[in-house]
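Just the heavy atoms: all of them, side chains too, but no hydrogens, waters or symmetry mates, feed the values below. The chain is numbered in sequence order, starting from 1. Model, not experiment: these values are computed from the prediction.
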Amino acid sequence: MASARPLDDARLLVVAPPDRSAAGLPDALADETRDVTAVSTAAAALEHLERRPVDCLLTAHSLPEAATTGLDLLETVRERDPDLPVVLAPADGDESLASAAIAADVTAYVPRDEPGDDSIADCRAAIERALSTGRERRRRRERARRFDAIFEDPETYSWVLETDGTVRRTSEPALEAIDAAASDVRGRPLRDLPWWRCTADGSAAIGDAIERAAAGEVAHRELTRVRTDGAGSADPDATAPSNAGADATETHTFEVTVRPIRDESGDVVSLLARATDITDRARLERELRESEELHRVTLNNMTDTVLITDDDGAFTYVCPNVHFIFGYSEDEIHELGTIDELLGPDLFDREALEREGVLTNIECTTTDRAGREHTLLVNVREVSIQGGTTLYSCRDITKRKRREEALTALHRTARELLYAETDREIAALAVDDATGVLDCEASAVYLFDTDENVLRPAASSSGMERLHGPTRDHRATTDSIPGHVFVDGESRFFADVHDSPILSNPGTDLRSAAYVPLGDHGVFVVGSTESDAFDEVSRELTDLLAATAEAALDRVERERTLRERDRELERRNRQLTRLNDVNEIIRDLDQALVRAETREEIERAICDRLTAADRFSFAWIGRADVGGDRLESRAHGGPAEGAAYLDAVSLSLADSSEPAVRTATDRSVTVVSNVADGLRDEPWRSAALAREYQSAVSVPLAYDEFAYGALTVYADRPDAFDDMIRAVLAELGETIASAIAAVERKRALVADARTRLEFDVADDSFVFARLARRVDCVLSFDGGIRHHEHGTTVFATVEGASPDAVVTAADALVGVEHAQVVSTRGASRGSDDGAADDAGDDADLGGAVRLDLSRPLLAQQFADHGVVLRGIEATASSTRLVVDVPRSADARGSAELVSTAFSDAELRSKRTVERTAPRDFRSELRERLTDRQLEVVQLAYYGGYFESPRENSGEDIAETLDISPAAFYRHIRTVQGALFDVVFDEIGVPAKASMGVE
């Protein structure tokens, strides 16, 4: 900011356009002052202001630049220097322009109608006014800055008040003292605010001082505030607690001054109140006012030492407690001669003492009688007591100084611990810094091993090794000091650790020892060869160092937990991503299985889908060849290298270790996590690695214990098949096998030619074999089966025995829920004549029975694989089983299915049979009948209802079914009608005769 100058010495900047309206103005002003700079544009004026300071700026309103006026220049200048005097001298000003200039904070406004002497004089007068106004502005701003500096003095509370005592403004220290905001106290009476709540008659004293200041006097008041817990609340309605308990109180003495603030006319317009804490000064003054005896008693019972000397420094008074700090007696102090021998020369400035009267908080270092160094805080005051002129009050701050130094070292340790990343690193830092912080040569840290419940030494100082010996493990029990402290969770300080009955090393040279728990992390130990080495400060610092180390250990543990959590989240994200990929594969494969209509389509689609979009490198499905010697590829997907790989490796079922061969051999999942492992042991691995196959998995294609081969997948990275992928592929193997079985079953239903296989079965658990053996009969079954919710119902023909005997034997079997005689040879059951053939005549033995089996018959299992059960004939010595296999199906595999179903089954014959019925005859007829209708007609058929003569009447069959005869005949007619409809439709004869034909 430019300084104020008289006009003849002022630096002027004139902004005038080069036209007639401003002609001669710069030259005329140059006659008045020696330093005038003239420019014609606002840009040039701003550039000049950047380079040189000026005392006043005079500008015309109309300037050459487009859209730039003197007012615009004024606003720009004000943004840069709010105090620079600016005179606006328009050539043709009006009231509107004058108002705008005043609003823009112009210093002076002087319109110029025509150039001439009067105009120049007006400009000169305006410049002088502007310079004067600028000087006044700067003076007021400087005064405001000085006032703010005094007002915000951190050692003083200050307020600006209205004349009635209400608060207009409060200093920050005053607000901080009551933890309040400016808005909390603004507009409220000062006498009612929390600052004076704990003072005796403080409110009245403040009110009286405000009244005097408002009357024009400077009022001084001294107030003593007794502050207890909760005092000083910003809440105006809070009640100060009672002054109970001396230990809970804090007394402060304040000197309050209220001054009037007058305006230019001398009237009091506001008040300035200031409160200064004079507690120390008041205390000293009270002490000086006390009698010499009171001084003596006080000094005898205080820790500070008071000394009084004359002008030459000779002792005139020595406090009786002088030995507390210096170790000397009073007489020995006097023998020293002068204060310089005790506190050292040049302790303070004599002139400063004469000027101030008291010098406080002078720090010095002295040595006591025993040679120990002490740090003292000395207050020096001029007195006149019994020939003494200078009083020295000495306070021993050695402990405080040591605490400050230790806290500085501890702060450095805390910063270092912020960057420690492991528990052992924290332990090492704590041990290394213990010597500097605690001044103890031995230290160690034990960390708790949660797995073995043991405290293990993580770090120890060389002093600990030298004085105590090697540290060892301690169980987290109470039979050792570290274990006891860890379990108990409380610090233990020993004046002599040998006094502890659980000291684990009686030979230790340590005496004083401290054991501090580190939370759940372990124990911190420090020790010294001196007894009772831990004073109050040492204990505090030991606890602080341990707490700092514990906080660092907590931080590391939290960070470790967060890292583990992040890794777990990352693992789960990868797993979810993998799961999404797997679900996409599953959906893709499911769609392929649904659309496929042949086994070849299924196998080809599976291999193509698994290798699409770089999911896996190669996939193929293999099955044993006709001879059962080696695997042969039925389908494969992926690059051409896959087919070359199959040609390069041995797929012999006898000796190859290739994953697909192993799966085909033992029918279990085979996983190779890393093809490179055992590279020289198995030749197929080299062939796989040559094509960048680094891991593989092979799953059996098996459904209902029937194998359709093996699916083998290869990937271009190790460990590509985790547990989830393995499980998915294993389930996929079952799904593929089920789909193949469904396709085979469908083809079996529509095939014309079949392969008929006959087996001799020797399985004692087979229900037909057991019944035939028990009854000694021939029990045959020709395929009549009805499946229901709880099992299977079959109708069997009995030869050589009474059907009743078969039913009796069947009731004894767990696998038969219910058995019933359907028909017997000879007279019909329930006929009127009641005659029956001789039971001993073999020709009359035989009939039909109905068996309700608790488990599904093999026919359903066979049908799932396209194999049709045609008949069973069981005798007491053997059982014959007949099945039909579609020509498109693998007869050898179907034979394996039968062999798997029985413990001993031998293939006896194999022949080809042709279906004579249309392909969809059975299915169409079955779709037209309900389960109940089929049950009724089966029972009628096997009960001899359709024989001639009938073995059982309709009423007999109805009674067996527990239905009415009418219902029985209705079901029979319905089935017959459906049968004829299908037959006539197939042979091209209309099913319904034309009406009116005779």
Side-chain angles (χ1 to χ4, degrees), residues 1-138 140-141:
M1 181 184 297
S3 60
R5 301 185 182 190
L7 179 59
D8 58 354
D9 196 30
R11 293 165 295 186
L12 301 182
L13 175 63
V14 179
V15 185
D19 54 19
R20 181 177 177 277
S21 63
L25 181 60
D27 295 336
L29 292 175
D31 295 338
E32 303 294 332
T33 178
R34 292 188 298 273
D35 191 350
V36 176
T37 302
V39 296
S40 60
T41 64
L46 294 175
E47 181 180 356
H48 181 81
L49 290 174
E50 290 289 340
R51 290 185 288 102
R52 289 186 56 196
V54 300
D55 297 315
C56 183
L57 169 67
L58 185 145
T59 178
H61 181 61
S62 298
L63 299 176
E65 292 103 331
T68 301
T69 65
L71 284 180
D72 297 331
L73 177 59
L74 171 63
E75 292 178 357
T76 304
V77 169
R78 279 288 173 260
E79 292 176 357
R80 299 186 179 186
D81 186 354
D83 294 329
L84 178 65
V86 178
V87 178
L88 181 65
D92 49 356
D94 54 19
E95 293 183 0
S96 174
L97 179 61
S99 299
I102 294 173
D105 195 21
V106 70
T107 310
Y109 176 82
V110 50
R112 295 179 295 108
D113 296 333
E114 292 291 338
D117 294 340
D118 293 340
S119 177
I120 298 301
D122 292 342
C123 288
R124 183 171 55 251
I127 292 172
E128 290 177 348
R129 291 196 307 273
L131 289 172
S132 176
T133 302
R135 285 193 296 271
E136 181 63 21
R137 279 188 176 183
R138 295 187 183 95
R140 289 181 180 180
R141 190 178 298 275

Do L74 and T59 make a side-chain contact, defined as non-hydrogen atoms from C-beta onward lying under 4.5 Å apart? no
Got L46 and T76 here, is their nearest side-chain heavy-atom distance under 4.5 Å? yes
Qualifying residue for side-chain contact (heavy atoms from CB on, under 4.5 Å) with V54, from L49, V14, L12, D81: L49
When C56 is tested against each of T107, V86, V87 for side-chain contact (heavy atoms from CB on, under 4.5 Å), which residue passes? V87
To the nearest 0.5 Å, what is the distance between [atom1] on [X] and [atom2] on [Y]?
X    : Y   : atom1 : atom2 : value
D105 : E75 : CG    : CD    : 11.0 Å
I127 : L58 : CD1   : CG    : 5.0 Å
R52  : H48 : CZ    : NE2   : 4.5 Å

So which atom in [X] and which in [Y] form the shortest heavy-atom distance, rounded to 0.1 Å?
X    : Y    : result
A108 : A130 : CB-CB, 4.4 Å
A42  : L63  : CB-CD1, 3.9 Å
R138 : D83  : NH2-O, 3.7 Å
P82  : R137 : O-NH1, 3.2 Å
H61  : P90  : CB-CB, 3.7 Å
S40  : P64  : O-CD, 3.0 Å

With a 3.5 Å distance limit and no angle check, can you tell me whether S132 reaches the backbone of E128 through a side-chain donor-acceptor pair? no
